[in-house]
Amino acid sequence: MNWTLEVVIVPVSDIDRAKDFYSNKLGFALDHDIEIGDDVRIVQLTPPGSGCSIVIGKGAVPQMEPGSIQGMQLVVPDIRKAHAELVERGVEVSDVQVLGTNPTPMPDPLDNVGFCFFSDPDGNGWAVQQISTRP
């Protein structure tokens with residue numbers, strides 16, 4: 001049986017600001033933005049190529065402290081290109097860093113160990129890792 005992770009709730013203080021950040025700055029696809037009265041709003045966004053979406057909102061999502069999610073991770077085939085795209089989109093992102101060493105030689109020395117980091121406007125922390133080849 002396959003078990004797929006489909007949705008992760010990301011707690012934010014301002015839904016419209018977060019929606020703008022994730023859709024316009026990061027380029028996530030806006031899957032839907034549903035309002036049910038004044039007390040319920042669900043916004044679902046999906047990173048390009050991902051099978052897992054994020055949900056921001058109020059009412060129908062668990063109440064969590066904005067900015068309390070840390071260590072969310074996106075994987076890209078080219079960390080330098082992803083970093084350049086984030087900078088071009090105006091995202092405050094760390095420099096590309098090498099964390100650890102590969103147990104086996106890889107075609108690109110940044111595979112598995114190349115990372116950069118950023119946070120959304122509420123402080124939810126994200127990592128971007130390069131994996132272009134899987135052993």
Practice task
Scan residues 66-76 for pairs that pass side-chain hydrogen bond (donor to acceptor under 3.5 Å, both in side chains), counting only residues two or more places apart or in two chains.
Solution key: Gln73-Gln129
Fill in the blank from the handout: The complete set of side-chain hydrogen bond (donor to acceptor under 3.5 Å, both in side chains) pairs with one or both residues in residues 113-123, sequence neighbours excluded, reads Ser13-Asp122, Arg17-Asp122, Tyr22-Asp120, Asp120-Asn124
What's the separation between atom [atom1] in [X] and atom [atom2] in [Y], rounded to the nearest 0.5 Å?
| X | Y | atom1 | atom2 | answer |
| --- | --- | --- | --- | --- |
| Phe115 | Ile79 | CZ | CD1 | 8.0 Å |
| Asp14 | Asp20 | CG | CG | 9.5 Å |
| Asp33 | Ile42 | CG | CD1 | 10.0 Å |
| Ile54 | Phe28 | CD1 | CZ | 5.5 Å |
| Lys19 | Gln44 | NZ | CD | 13.0 Å |

Side-chain contact test, heavy atoms from C-beta onward, threshold under 4.5 Å: evaluate it for [X] versus [Y] and give yes or no.
| X | Y | value |
| --- | --- | --- |
| Lys81 | Val76 | no |
| Leu74 | Trp126 | yes |
| Asn112 | Gln130 | no |
| Val55 | Val8 | no |

Cluster link [X] to [Y], ILVMFWY, side chain under 4.5 Å:
| X | Y | result |
| --- | --- | --- |
| Leu30 | Ile34 | no |
| Leu26 | Ile9 | no |
| Val10 | Val75 | no |
| Met72 | Phe21 | yes |

Practice task
Begin with the C-alpha distance, continue with both residues' side-chain angles, and end with the deciding distance and a verdict on side-chain contact (heavy atoms from CB on, under 4.5 Å) for Val43 and Ile15.
Solution key: CA-CA 8 Å; Val43 179; Ile15 297 169; 3.8 Å; yes
Exercise for the section: In sequence, state the C-alpha distance, the side-chain angles, and the governing distance for Asp108 and Arg80, and then conclude on side-chain contact (heavy atoms from CB on, under 4.5 Å). Expected result: CA-CA 12 Å; Asp108 185 316; Arg80 290 181 191 98; 4.3 Å; yes
Handout entry: Taking every non-hydrogen atom, the tightest pair across Asp31 and Ser53
Key = OD2-OG, 3.4 Å
Completion exercise
For Cys52 and Thr46 the tightest heavy-atom approach is O-CG2, 3.8 Å
Would you be so kind as to tabulate the donor-acceptor pairs closer than 3.5 Å made by side chains of residues 93-100, with sequence neighbours excluded?
from: Ser94; atom 1: OG; to: Gln97; atom 2: NE2; distance (Å): 3.4
from: Ser94; atom 1: OG; to: Phe117; atom 2: N; distance (Å): 2.8

Taking only residues two or more places apart in sequence, or in another chain, which ones meet [X] in a salt bridge (charged side-chain N to carboxylate O under 4.0 Å, His left out)?
| X | value |
| --- | --- |
| Glu85 | Arg89 |
| Asp111 | none |
| Asp16 | Arg41 |

Problem - Test log, rule side-chain contact (heavy atoms from CB on, under 4.5 Å), inputs Leu45 and Ile56 - result: CA-CA 8 Å; Leu45 304 116; Ile56 57 177; 4.1 Å; yes
